[in-house]
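Positions are given from 1, in the same order as the sequence printed here. Counting starts at 1 for both ligands and their atoms, following the listed order.
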Amino acid sequence: MAKYTKYIKRAKELGATDSKIIPADTVVTAEWVRIKCQFGCGGYGRRLTCPPNSPTPEQTRKMLSYYKNALLIHVNEEVDINDIVPIIEKEAFFDGYFKAFGIGAGPCYLCEKCSKFCKHPREARPAMEACGIDVFSTVRAHGFPIETLSRRDCKGNYYGLVLIE
Ligand code: SF4
């Protein structure tokens, strides 16, 4: 695991509160996550990174089966996890981890209006929840905090994942 220490340090340099290497088979996927995207989120169908364009829970489960380790990254509400994830994905790729793939949080806001073809393919990545990942169960199993936010002034915890190898 020492070979991944540089990514933990890098995530902190980029503004993460914390991060840790987790086994990829501890990432929880569930069908209900996508249904919550479809019914209850105004972003459904509006971004190339969101359902129904993003991987289904079934596709994500299959994809995860090709990986052993991933970097789970925790940020607070002052930091955009979607800025950190593509940087670490790219650095891991250039280190030789050719399967490196980043997954962020929330809709992609790189463009005001999304297009038919992505204008920022190097940076735009789907959110964990958009891929059918149960973020609550996944991060809690690794000791990270997360709660439902009952008021606008509640402090948020956000997460991203970089599948490494
Ligand atoms: S970068 Fe632009 S075009 Fe690509 S998914 Fe994000 S909003 Fe859509």
### Query
Does the side-chain hydrogen bond (donor to acceptor under 3.5 Å, both in side chains) test come out yes or no for D80 and Y109, once each step is laid out?
CA-CA 11 Å; D80 188 347; Y109 289 121; over 6 Å; no
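Nearest heavy atoms, L110 versus E123: CD1-CB, 3.7 Å.
Interface atoms of ligand 1 facing C108, defined by a heavy-atom separation under 4.0 Å, are 1 (S), 5 (S), 6 (Fe), 7 (S). Of all the atoms in ligand 1, the ones that sit under 4.0 Å from a non-hydrogen atom of H120 are 1 (S).
The protein heavy-atom contact nearest to atom 8 (Fe) of ligand 1 is C114 SG, 2.2 Å. Atom 2 (Fe) of ligand 1 has as its closest protein heavy atom C111 SG, 2.3 Å. With respect to atom 7 (S) of ligand 1, the closest heavy atom belonging to the protein is R47 NH1, 3.3 Å.
Around CZ of R46, the count of heavy atoms belonging to other residues, nucleotides or ligands within 6.0 Å does not exceed 12. In Y44, the OH atom is crowded: over 12 heavy atoms of neighbouring residues, nucleotides or ligands sit closer than 6.0 Å. Counting non-hydrogen atoms of neighbouring residues, nucleotides and ligands closer than 6.0 angstrom, the NZ atom of K99 exceeds 12 such neighbours.
For residue C118, an N/O/S atom approaches atom 4 (Fe) of ligand 1 to within less than 2.8 Å.
Within the set K113, K119, R125, R122, the minimum heavy-atom distance to atom 3 (S) of ligand 1 is found for K119.
Residue H74 is tested with N157, D18, T17 for a side-chain hydrogen bond (donor to acceptor under 3.5 Å, both in side chains); the sole match is N157.
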